[in-house]
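Here's the structure we're looking at; comments come further down.
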Number of protein chains: 2
Amino acid sequence: MAWEEVLAQNGYRVTAPRRAILLVLQGATQPLTPEEILAQARQLHPSLGLVTVYRTLDVLNALELVRCAHRDRACHGFLPATQGHHHVIICQKCHRAVEFPGDEDLEGLFRRIEEQTGYRVCDHLLQLAGLCPACQKEEAIEPYPLEEKI
Amino acid sequence: MAWEEVLAQNGYRVTAPRRAILLVLQGATQPLTPEEILAQARQLHPSLGLVTVYRTLDVLNALELVRCAHRDRACHGFLPATQGHHHVIICQKCHRAVEFPGDEDLEGLFRRIEEQTGYRVCDHLLQLAGLCPACQKEEAIEPYPLEEKI
DNA sequence: CCCTTTTTGAAAAATATTTTCAGTAACATC
DNA sequence: GATGTTACTGAAAATATTTTTCAAAAAGGG
Ligand SMILES: [Mn+2]
Ligand SMILES: [Mn+2]
Ligand SMILES: [Zn+2]
Ligand SMILES: [Zn+2]
């Protein structure tokens with residue numbers, strides 16, 4: 001289904017500023033920042049404002065028409081690092097993080113991607129989110145409090 | 001090797017502000033933002049400034065004493081999304097990105113992590129970096145231009 | 001058309017990060 | 001232990017990024 005239809009069918013209005021942003025993103029072959037989107041979309045709709053780009057990205061993201069990619073330096077949290085190559089899994093509730101080593105399980109994936117895409121895999125960003133043991137227990141007893149709310 | 005030694009052996013000075021930041025990070029069990037680090041480290045060294053936190057994080061990162069974790073909403077680039085769950089690989093040279101589907105290869109890893117850490121894996125962030133076919137070719141012929149430079 | 005509601009862009013506010021710079025402190029050398 | 005060099009520091013300002021506010025404009029159903 002065309003993006004404009006998706007907007008319309010979900011109760012969003014199809015406006016000129018949005019059409020400009022849609023066209024830019026539909027043609028994108030690399031991750032574009034809001035500023036980059038603005039610059040390109042202004043060629044189609046000169047009065048476009050950066051705010052509208054942000055707002056439209058929120059909408060497109062919610063409708064799963066775009067996906068976002070983290071840029072290299074966009075780091076917002078720091079952890080002590082165990083020597084060597086590791087990744088982290090962070091608890092979605094309490095934010096406690098633990099590292100885990102090793103990429104053996106990923107090598108197969110990397111080789112497959114190289115065959116499928118023709119890219120050479122040089123680096124990767126892998127980070128898991130989940131529930132730590134403690135928070136899993138809390139979640140398990142969550143049903144009970146419902147009785148109290150009645 | 002202790003962190004202070006690593007600093008010293010790499011020509012960095014061991015200062016009171018840095019020691020405060022080190023202590024905070026060494027004890028961290030979740031990813032801390034520069035502001036969070038500042039707040040905690042000021043209990044040890046009240047005159048500490050946020051700038052020093054940023055600068056010390058750069059140093060610790062370069063020495064691989066800390067690792068950084070991306071936070072949920074820290075998205076800085078957007079791409080059109082193919083329907084369904086995908087990941088992207090981005091060319092380190094030209095930034096061209098392509099998607100790839102599927103997590104079959106990751107399921108084994110996830111189950112292993114769950115056993116090893118006790119965490120339940122709910123979500124994940126996987127993004128690859130590499131060289132696209134075109135940039136691989138350019139890289140291959142890179143040696144030649146050296147002759148011209150002589 | 002008309003009406004209601006959403007959407008828009010400017011401006012301001014709120015956040016986040018980097019640069020500048022003069023004063024301070026680390027530490028190698030004596 | 002004093003000294004000199006140089007790295008390091010924090011305040012302030014600059015820059016960059018994202019969100020909020022608000023009055024005007026536009027979408028689209030009736
Ligand atoms: Mn890895
Ligand atoms: Mn996946
Ligand atoms: Zn938890
Ligand atoms: Zn490329």
Side-chain angles (χ1 to χ4, degrees), chain A residues 2-25 31-63 65-66 68-78, chain B residues 2-25 31-63 65-66 68-78:
Chain A
W3 288 19
E4 295 192 11
E5 284 180 63
V6 178
L7 282 178
Q9 294 201 356
N10 285 83
Y12 294 100
R13 293 183 181 174
V14 178
T15 67
R18 280 178 177 168
R19 267 194 296 262
I21 295 167
L22 293 194
L23 279 172
V24 168
L25 277 165
L32 299 176
T33 62
E35 281 286 0
E36 288 167 341
I37 293 165
L38 177 71
Q40 288 189 42
R42 272 192 168 158
Q43 298 177 344
L44 302 166
H45 188 78
S47 70
L48 181 65
L50 182 58
V51 202
T52 298
V53 175
Y54 276 100
R55 286 187 287 223
T56 302
L57 283 170
D58 285 344
V59 171
L60 296 177
N61 217 357
L63 295 174
L65 293 175
V66 296
C68 61
H70 293 259
R71 300 272 206 121
D72 288 342
R73 307 184 322 104
C75 287
H76 290 85
F78 293 83
Chain B
W3 288 18
E4 295 191 9
E5 284 180 63
V6 178
L7 280 179
Q9 293 201 357
N10 284 85
Y12 293 100
R13 293 181 181 174
V14 178
T15 67
R18 278 177 179 168
R19 266 194 295 263
I21 295 167
L22 293 194
L23 279 172
V24 168
L25 277 165
L32 300 176
T33 61
E35 281 285 1
E36 288 167 342
I37 294 166
L38 177 71
Q40 289 189 43
R42 270 192 168 157
Q43 299 177 344
L44 302 166
H45 188 78
S47 70
L48 181 64
L50 181 60
V51 200
T52 297
V53 176
Y54 276 102
R55 286 187 287 223
T56 301
L57 284 170
D58 285 344
V59 171
L60 296 177
N61 216 358
L63 296 174
L65 293 174
V66 296
C68 61
H70 293 258
R71 301 272 211 126
D72 288 343
R73 306 185 323 105
C75 287
H76 290 86
F78 294 83

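Per chain, numbering begins at 1; letters A, B, ... match sequence-line order.
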In whole Å, I'd like the distance from the [atom1] atom of [X] to the [atom2] atom of [N].
| X | N | atom1 | atom2 | result |
| --- | --- | --- | --- | --- |
| A:Y54 | C:dA16 | OH | P | 13 Å |
| B:I21 | D:dC8 | CD1 | C1' | 11 Å |
| A:N61 | D:dT18 | CG | P | 13 Å |
| A:L57 | D:dT19 | CG | C1' | 14 Å |
| B:E35 | C:dA16 | CD | P | 7 Å |
| A:L44 | C:dT8 | CG | C1' | 17 Å |
| A:L7 | C:dT7 | CG | C1' | 12 Å |

Is there a donor-acceptor pair closer than 3.5 Å between any side-chain N or O of B:R18 and the backbone N or O of B:R13? yes
Would you mind reporting whether [Y] and [X] have side-chain heavy atoms less than 4.5 Å apart?
| X | Y | result |
| --- | --- | --- |
| B:N10 | B:V59 | no |
| B:I21 | B:W3 | no |
| A:T15 | A:T52 | no |
| A:L60 | A:L22 | yes |
| B:P17 | B:T56 | no |

In the 5'-to-3' direction, what one-character label does each nucleotide of nucleotides 22-30 of chain C receive under the scheme B = base within less than 4.0 Å of a protein heavy atom, S = sugar-phosphate only, - = no such atom? ---BBS---
Grab the two heavy atoms, one from B:A20 and one from B:H45, that are nearest each other, plus how far apart they are. CB-CB, 3.8 Å
Would B:L65 and B:L25 count as a side-chain contact (heavy atoms from CB on, under 4.5 Å) if you check the C-alpha gap in whole Å, the side-chain angles of each, and the deciding distance to 0.1 Å? CA-CA 9 Å; B:L65 293 174; B:L25 277 165; over 6 Å; no
Listing time: all N or O pairs from protein to nucleotides 9-11 of chain C that are below 3.5 Å?
unit_1, atom_1, unit_2, atom_2, d
C:dG9, OP1, A:S47, O, 3.3
C:dG9, OP2, A:G49, N, 3.4
C:dG9, OP2, A:T52, OG1, 2.3
C:dG9, N7, A:R55, NH2, 2.6
C:dG9, O6, A:R55, NH1, 3.2
C:dG9, O6, A:R55, NH2, 3.4

